[in-house]
Amino acid sequence: MTDDELQERLRRLAAKPETDWDGMAAAVRDGYDRELRNRHSVIRRRRWAASVGATLAMAAALALWLHGHRAHRLPPSEPVETFHVFEDLEPGEMIEELSPEQIDRVAKAFNKGA
Amino acid sequence: MANDDSEPDDQELVARFRGGDRAAFDRLARRYQRPIYWLALRYVGNDADAKDVAQRALVQAFVKVGQLREAASFRSWVYRVAANLALNLVRDRKPQSLLADDVAVASTREPLVEEEAQRRLRAAVARLPPQQRLVVELRIYEELPFAEVAQVAECSEDSAKVNFHHALKRLRLLMNEENES
């Protein structure tokens, strides 16, 4: 069998039956519209998820920043109530403010240190 | 694909469709639904699956038409989508009769011997490797030039020609095998 004969035989195999072409065209139109609707819905969902994600990320960033900022401004480790505030008293006035027992303790401590 | 003076070519219709013209969409769909359906039918062997493949191929081609670099190659594009869908469907299902009775083309008046030879040839075509079969389908049945066959088959023009040559050689071999057995 030559190439031409074989090709001729192959051509005779070509099935070209008619079918409901109008129905097929309508189905293609419907399928396309449905596909577009699906795509738009997916895009809407993605946008919504992106905006929620962005809001959460901003909130997290703000929370982190506030945390860092507050930690930076916190006083050193000593508790507030252990501070002695002398309200700019002169050393003599400071001694006058002390009770006799406190003066004794200060004197003992001074003597130990000396 | 220029048809006649009154019929706009693919390039123009694709441009109009991209611009939102639904009438251009309908014209393109009607232009290609027949060849796409017939191509699918030869692969899948029954009307329902062939219709499904043709419809899905056209819808996909239209949805993704934005990815098409050259509007003029819409025909190759839609053939490629259809061939891929048909091949996937055939691959995913069990083997079945090559063509259902309702689409078999052998005439009942044809002598039995001739009818048997055509049946064997149809079976041999179905046994070709996918790429060779695609080239034969497009070249013989769709009468596409090799340049366009190559576009659809995603190979070079030379490779399409070589595949076609090998396909014919293989078909002759397969036919001879059947004759001997």
Side-chain angles (χ1 to χ4, degrees), chain A residues 1-70, chain B residues 22 25-39 41-42 45 47-48 50-52 54-64 98-100 102-107 110 114 117-122 124-125 136-137 139-143 164-165 167-169 171-172 175-176:
Chain A
M1 195 188 304
T2 65
D3 268 9
D4 287 343
E5 283 168 351
L6 182 57
Q7 288 186 44
E8 183 49 40
R9 275 181 174 275
L10 284 167
R11 276 189 202 96
R12 281 163 48 204
L13 287 181
K16 294 190 173 177
E18 292 299 317
T19 189
D20 176 15
W21 303 121
D22 290 338
M24 189 185 289
V28 170
R29 225 174 8 249
D30 291 347
Y32 177 73
D33 289 338
R34 197 167 43 247
E35 191 69 28
L36 280 194
R37 275 198 303 276
N38 288 345
R39 286 183 155 227
H40 288 156
S41 146
V42 168
I43 288 168
R44 268 200 305 276
R45 277 203 296 274
R46 277 186 191 158
R47 278 187 188 152
W48 180 85
S51 73
V52 168
T55 307
L56 286 173
M58 281 173 67
L62 183 63
L64 278 172
W65 180 80
L66 279 175
H67 180 74
H69 191 67
R70 287 176 66 187
Chain B
R22 287 302 293 264
F25 170 97
D26 280 333
R27 287 180 95 153
L28 279 168
R30 286 182 178 277
R31 180 175 291 172
Y32 287 110
Q33 62 182 6
R34 281 179 170 81
I36 292 302
Y37 166 78
W38 289 328
L39 175 75
L41 185 62
R42 286 193 297 274
D47 174 65
K51 269 185 183 162
D52 182 53
Q55 285 163 15
R56 284 196 293 140
L58 286 165
V59 169
Q60 273 193 29
F62 284 120
V63 167
K64 295 180 180 173
L98 296 166
L99 277 178
D102 59 338
V103 297
V105 283
S107 159
E110 212 169 9
E114 179 61 19
Q118 288 298 89
R119 189 200 62 75
R120 285 206 314 271
L121 182 57
R122 199 178 296 133
V125 171
V136 168
E137 292 278 351
R139 182 71 189 145
I140 299 280
Y141 303 128
E142 306 306 326
E143 296 176 345
F164 184 71
H165 172 74
L168 294 186
K169 200 170 157 186
L171 282 175
R172 260 197 300 273
M175 294 286 285
N176 288 341

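Naming convention: chains lettered A, B, ... in sequence-line order (proteins, then strands); numbering from 1 in each chain.
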Segment of Asp30(A) engaging chain B (4.5 angstrom heavy-atom cut-off):
neither

Between Arg45(A) and Ser41(A), does the side-chain hydrogen bond (donor to acceptor under 3.5 Å, both in side chains) criterion hold? Intermediate values first, please.
CA-CA 6 Å; Arg45(A) 277 203 296 274; Ser41(A) 146; 3.1 Å; yes

Before accepting this row, confirm whether a basic side-chain N of the pair Asp52(B)/Arg56(B) lies closer than 4.0 Å to the acidic partner's carboxylate O.
yes

Heavy-atom contact with chain A under 4.5 Å, split by part of Phe25(B):
side chain

Please classify the contact between Arg22(B) and chain A as side chain, backbone, both or neither, with a heavy-atom cut-off of under 4.5 Å.
side chain

Give the member of Glu18(A), Glu35(A), Arg34(A), Met24(A) that has the highest number of heavy-atom pairs under 4.5 Å with chain B.
Met24(A)

Is Arg37(A) salt-bridged to Asp33(A), going by a charged N under 4.0 Å from an acidic O?
no

Hey, is Arg42(B) close enough to Glu142(B) for a salt bridge, meaning N to O under 4.0 Å?
yes

